[in-house]
Peer 1: 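I have a structure here, written as structure tokens, and I will follow up with some questions on it.
Just so you know, ligand 1 is whichever comes first in the structure, and atom 1 is the first atom listed for that ligand. Values reported hereafter were calculated over all heavy atoms of this structure, with side chains retained and with hydrogens, waters and symmetry mates removed.
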Amino acid sequence: MHILECQKLTKHFGALEALSDVDMKVRKGEVRAVIGPNGAGKSTLFNAINGVFPATRGKCFFNGKDITGMMMQDIVKFGISRTFQLTNLFPELSVIENISIASQAKLKGAWLPLGGSSVLAEAKHKAELALEKLKLTDLAYLPSNTLSHGDQRLLEIAMAISQDPLLLMLDEPTQGLSVEETQSTVDILKDLLSSGDLTVILVEHDMEVVFNLAERISVLHQGRIIADGDPEEVKASKVVQDAYLGGFEDA
Ligand SMILES: Nc1ncnc2c1ncn2[C@@H]1O[C@H](COP(=O)(O)OP(=O)(O)OP(=O)(O)O)[C@@H](O)[C@H]1O
Ligand SMILES: [Mg+2]
């Protein structure tokens, strides 16, 4: 059973076709990397799947349910959470407040904009659990803008995790991180994935991270999937090597 299935997903920005007929099937529990050069359409694929904007054409099914055209705040309730390529925090609020807000955004009912007091308590509880998972507990009460860039990226993952997702979508979680921060992020992600329940789609430029985490890789190039397979197949693919001009050699 596939947890996510996209069929001919297409997105136009004016005359630009940023995504073209993307077919993608992701199994439950799988860790899928989406790679491709700058401007390939990776973030656009994320945005079209999780409802930042509607796709121009095509369909997406999550757990068999048609989520095409739904908005992000509705899609999160089905169990898809994500992080953004650019850090996206409330800078003056504390670490735990940032996470509680993310959790609350999922927990609140349809009638109360922020949920009732029970929602606040539950959001805080989920925030504490997420802090533990991301090893950020010691930083809980610091303003988020005092954290290192690496910890801010982890905080964003904590915000997504606090929503108890079935599918977690990470857009370049190691962007701008030092080698040490990248390694500790990979270790934390591996811990997070060890239960095998969580499905992850990961956009990532660092090939070492990709080959370390991903079971399957989809390669986007100019809005199209040009290769799809396990890491060895993708590494060996001539079409991928051509698109990357040999960029895999360092990995
Ligand atoms: N909201 C938007 N409005 C107009 N054009 C957009 C928008 N978002 C993306 N694009 C364009 O769509 C194309 C794909 O962009 P996208 O951000 O998806 O690439 P990407 O693969 O995520 O690249 P990067 O690796 O640099 O993050 C680019 O040409 C980009 O300029
Ligand atoms: Mg991007």
Peer 1: Is the NZ or CZ atom of K235 positioned over F211's six-membered ring, under 6.0 angstrom from the centre and within 45° of the axis?
Peer 2: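 Ring-cation test returns yes.
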Peer 1: With K190, which residues qualify under salt bridge (charged side-chain N to carboxylate O under 4.0 Å, His left out), at least two apart?
Peer 2: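 Counting only residues at least two positions away or on another chain, K190 forms no salt bridge (charged side-chain N to carboxylate O under 4.0 Å, His left out).
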Peer 1: Can you spot which of K11, R57, K8, K59 makes a salt bridge (charged side-chain N to carboxylate O under 4.0 Å, His left out) with D21?
Peer 2: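 Among K11, R57, K8, K59, the one that satisfies the salt bridge (charged side-chain N to carboxylate O under 4.0 Å, His left out) with D21 is R57.
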Peer 1: For K124 versus I96, what's the shortest heavy-atom pair and its separation?
Peer 2: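 Where K124 meets I96 most closely, the heavy atoms are CE-CD1, 4.1 Å.
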Peer 1: Are more than 12 heavy atoms, taken from residues, nucleotides or ligands other than F53, located less than 6.0 Å from that residue's CZ atom?
Peer 2: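 It does: F53 CZ has more than 12 such atoms within range.
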Peer 1: In terms of residue, atom name and distance, what is the protein heavy atom nearest to atom 27 (O) of ligand 1?
Peer 2: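 For this ligand atom, the closest protein heavy atom is Q85 NE2, 2.8 Å.
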Peer 1: Between T87 and E156, which heavy-atom pair has the shortest distance, and what is it?
Peer 2: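 Between these two residues, the closest heavy atoms are CA-OE2, 3.1 Å.
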Peer 1: Considering only protein heavy atoms, which is closest to atom 23 (O) of ligand 1, and at what distance to one decimal place?
Peer 2: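 Ranking protein heavy atoms by distance from atom 23 (O) of ligand 1, first comes G39 N, 2.8 Å.
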Peer 1: Using distance alone, decide if ligand 1 has a nitrogen or oxygen within less than 3.5 Å of any nitrogen or oxygen in G36.
Peer 2: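 It does not: no N or O of G36 is found under 3.5 Å from an N or O of ligand 1.
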Peer 1: Answer with yes or no whether the hydrophobic clustering places I201 together with V203; edges join I, L, V, M, F, W, Y residues whose side-chain heavy atoms lie under 4.5 Å apart.
Peer 2: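 Yes.
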Peer 1: What protein heavy atom sits nearest atom 17 (O) of ligand 1, and how far off is it?
Peer 2: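 Atom 17 (O) of ligand 1 sits closest to the protein heavy atom S43 CB, 3.8 Å.
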Peer 1: Verify the cluster assignment for I35 and V209: are they in a single hydrophobic cluster under the rule of side-chain heavy atoms below 4.5 Å apart?
Peer 2: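 They do not share one cluster, since no chain of ILVMFWY contacts under 4.5 Å joins I35 to V209.
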Peer 1: Leaving waters out, which protein N, O or S atoms fall under 2.8 Å from the Mg ion (ligand 2)?
Peer 2: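 Less than 2.8 Å away from the Mg ion (ligand 2) sit S43 OG, Q85 OE1.
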Peer 1: Among all protein heavy atoms, pick the one closest to atom 30 (C) of ligand 1 and tell me residue, atom and distance.
Peer 2: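 It is L16 CD2, 4.5 Å.
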Peer 1: Among protein heavy atoms, which sits nearest to atom 26 (O) of ligand 1, and what does the distance come to when rounded to 0.1 Å?
Peer 2: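 For atom 26 (O) of ligand 1, the nearest protein heavy atom comes out as N38 ND2, 2.9 Å.
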Peer 1: What residue and heavy atom of the protein are closest to atom 18 (O) of ligand 1, and at what distance?
Peer 2: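 Nearest protein contact, heavy atoms only, for atom 18 (O) of ligand 1 is T44 OG1, 2.5 Å.
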Peer 1: So which atom in G79 and which in K106 form the shortest heavy-atom distance, rounded to 0.1 Å?
Peer 2: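 Scanning both residues, the minimum pair turns out to be CA-NZ, 4.5 Å.
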Peer 1: What protein heavy atom lies closest to atom 2 (C) of ligand 1? Include the residue and the distance to one decimal.
Peer 2: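 Sorting protein heavy atoms by distance from atom 2 (C) of ligand 1 puts F13 CE2, 3.4 Å first.
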